[in-house]
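Just so you know, these numbers come straight off a predicted model, no measurement behind them. Convention: sequence-line order gives letters A, B, ...; per-chain numbering from 1. Computation of the quantities below employed the complete heavy-atom set of this structure, encompassing side-chain atoms and omitting hydrogens, waters and symmetry-equivalent molecules.
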There are 2 protein chains.
Amino acid sequence: MAKHKTPRVRQLEALMAVINNGSVTAAAADLGISQPAASRLLADLGKEFGFQLFNKREGQMVPSQEVRLLQPDIQRVLELMRQISEVSRDITNRKAGHIRIACLPGFATSHLPDIVADFLQDRPGVSMTIEPDRPERILEWMIGEQFDFGITDGFVGHPAVDRQDVQVRSVCVFPDGNELAEKSVISPADLAGRSIIHTRKESDFYLQLSRIFQDAHVALNSRIEVRQFTAACELVCNGVGVSVVSELDAVKYAGRGLSFRPFAPSLPHAISLVRPTLKKPSLVTLEFIEYFTKSLQPYLIAP
Amino acid sequence: MAKHKTPRVRQLEALMAVINNGSVTAAAADLGISQPAASRLLADLGKEFGFQLFNKREGQMVPSQEVRLLQPDIQRVLELMRQISEVSRDITNRKAGHIRIACLPGFATSHLPDIVADFLQDRPGVSMTIEPDRPERILEWMIGEQFDFGITDGFVGHPAVDRQDVQVRSVCVFPDGNELAEKSVISPADLAGRSIIHTRKESDFYLQLSRIFQDAHVALNSRIEVRQFTAACELVCNGVGVSVVSELDAVKYAGRGLSFRPFAPSLPHAISLVRPTLKKPSLVTLEFIEYFTKSLQPYLIAP
DNA sequence: TAAATCGCATAATACAATGTTATAAATTTG
DNA sequence: CAAATTTATAACATTGTATTATGCGATTTA
């Protein structure tokens, strides 16, 4: 069997340069090398190919028919090579890559989109997958390494998953114009008798909330049970009642028919930021996680 | 501006080899080089790219997300490089290329297609353009170097066109079963009184034919005037008359309702095989011309 | 036509890329 | 933990890619 010696890219570059410039001298200048260097690249390539590359005609180097046959392929190779180095450069500049994020449905519609939009602003090469689902599913995905980053809550821990917990402040939300706006801080007593919209009774957040009301000897007037803070906010906007939600969601609705005030005693909304332990994260992923964590800072309960 | 240092193909080959084989050692074996050599190619590439290429995991080299992003492009580059060297090899083996042929309409439908089919049989990489037209147009095309090879007649010569003239035997064609079949050679006298189908009265071939009849003191009973020998043959098949045509065309119709016998005195059908003088022909073109010329041998008047 | 000019090819040579073997370091496996 | 396997590093040979100097052939110019 004959040796499959592929030509070198440099030779192909020289070839295309001559085709485009019409002379070896001009091609050499174009490539930024000396004329003999180009001359030799061509001589070598011609020898390896086994046929004439150019026909001299009235001072012009005219590509032979054989070369013309190969020209499209050669052009594509050079383009691809250029693209590869370009993309690799973008990657190191954290400007390209793909990040797969799994999150709770609430996040997919409130805080996360804003942050993602900001992040992608000056990273045109970066793409993302955002997949909202239940916490158990998110855990599975992390273990299976199908996602790079997860935002969940009520997380119990797993050896294959790195976690970082943050505690977001909770606030009391009420319709614009409600007399609660006169208070600077809202306590359970202030909500006595009011219709309260809250998360699922099994949720950790609701358990904490009801305990606080219990400790304050105030009856929790449960009106509507929702799955997400955003749904609660929507309902509050519609005047159905008041609620205690994560400040992250509250700020999104402020100015859209809803006001909020701090809620005391402190009721932390615990979020876990998770990552597959074994999977080495890409540079963009790390950068995004850092970016996202920073975006949460203003809403965190000081440790 | 940053340096546009494209990676080297060898590095990309090593990268793909590791991806495909799961280990550097196996990749090195695959590439037919030592393990340290492969190791270094990867180290260099990683340094040039500026990011981790692989993550070790339970003995397996798992490509990083960044690499996966580049992988399709890299694969295409390597495929194209392989293809380029393959095609170049085919070219030197005269197994690839493109040939543009201009010919008289008669040739496009009779002798040429058979030869072309044979020629292309074991040259899958070769493609052809066959353009039939009038002799003047063929001359133009040769001068303009828009075609590689031409088959024409009544050619007057031109400095920019190489010619090679051949003289094909002419034969008398008549319908199967005609009593002319009893003769082994046909002369003008045998055709006295018969309807004769012939080419245009201005054509060189007709002029020769009528001169022969004149010299033999036989009246040429002109019945139908056609432009091509093939048309004459068709008419003969239909019993409209007899004709004197190039043997090339006669053999195509033999067994399709028509027989033929040599015609005497000798009436050469002069064909010119032409080529642009200045244009350097490709290797396949030269080979085809030789192939075609050889195919005419059995029909030529011995010189 | 001789000389000058232009463009390409070749020669001698420097340095970087790419391969080799030998060997150390790290990791997986029994 | 030791043995085996795999990867990384070091020292060095070979080849590829550039350099400058120079020769050769074709077209231009005097």
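Among the nucleotides D:dG16, C:dC8, C:dA11, the one closest to the side chain of A:Arg8 is D:dG16. Residue B:Val24 places its side chain closer to D:dT7 than to any other of C:dG19, C:dT21, D:dT7. Nearest nucleotide to the side chain of B:Ile33, out of C:dG19, C:dC8, D:dT7: C:dG19. Listed candidates were C:dC8, C:dT21, D:dT7. Nearest to the side chain of B:Thr25 is D:dT7. Side-chain proximity of A:Ala37 to the nucleotides C:dA9, D:dT19, D:dT6 is greatest for D:dT19.
Taking atom CD of residue B:Gln11 and atom P of nucleotide D:dG16, one finds them 16 Å apart after rounding to whole Å. One interatomic measurement links the two molecules: CD of B:Gln35 to P of C:dA24, which rounds to 15 Å at whole-angstrom precision. Atoms CZ (A:Arg40) and P (C:dG7) sit 23 Å apart, rounded to a whole Å. B:Gln52 has its CD atom 9 Å from the P atom of D:dA8, to the nearest Å. When rounded to the nearest whole Å, the span between CG of B:Leu42 and P of D:dT6 equals 16 Å. Per the geometry, CD belonging to A:Glu48 stands 10 Å off C1' belonging to D:dG16, to the nearest Å. Taking atom CG of B:Leu45 as the reference point, atom P of C:dA17 lies 13 Å away to the nearest angstrom. The interatomic distance linking B:Lys47 (NZ) with C:dA17 (P) rounds to 10 Å, in whole Å.
Nucleic acid contact for B:Arg10: sugar-phosphate only, since backbone atoms but no base atoms lie under 4.0 Å from a heavy atom of the residue. Among the heavy atoms of the strands lying under 4.0 Å from B:Leu41 are primed sugar atoms or P, OP1, OP2 only; no base atom is included. Heavy atoms of B:Ser34 sit under 4.0 angstrom from at least one base atom.
Checked for salt-bridge contact, B:Arg82 and B:Glu79 miss the test: no charged N lies under 4.0 Å from a carboxylate O.
When atom types are taken as modelled, the side chain of A:Ser85 and the backbone of B:Thr6 share no donor-acceptor pair closer than 3.5 angstrom.
Inspection of the B:Ser282 and B:Thr285 side chains reveals an N or O donor paired with an N or O acceptor under 3.5 Å. Of the N and O atoms on the side chains of B:Asp165 and B:Ser272, at least one donor lies less than 3.5 Å from an acceptor on the other residue.
In summary, the aromatic rings of A:Phe149 and A:Phe292 are positioned with their centroids under 6.0 Å apart.
Residue A:Ser23 places no side-chain N or O under 4.0 Å from the OP1 or OP2 atom of C:dG7.
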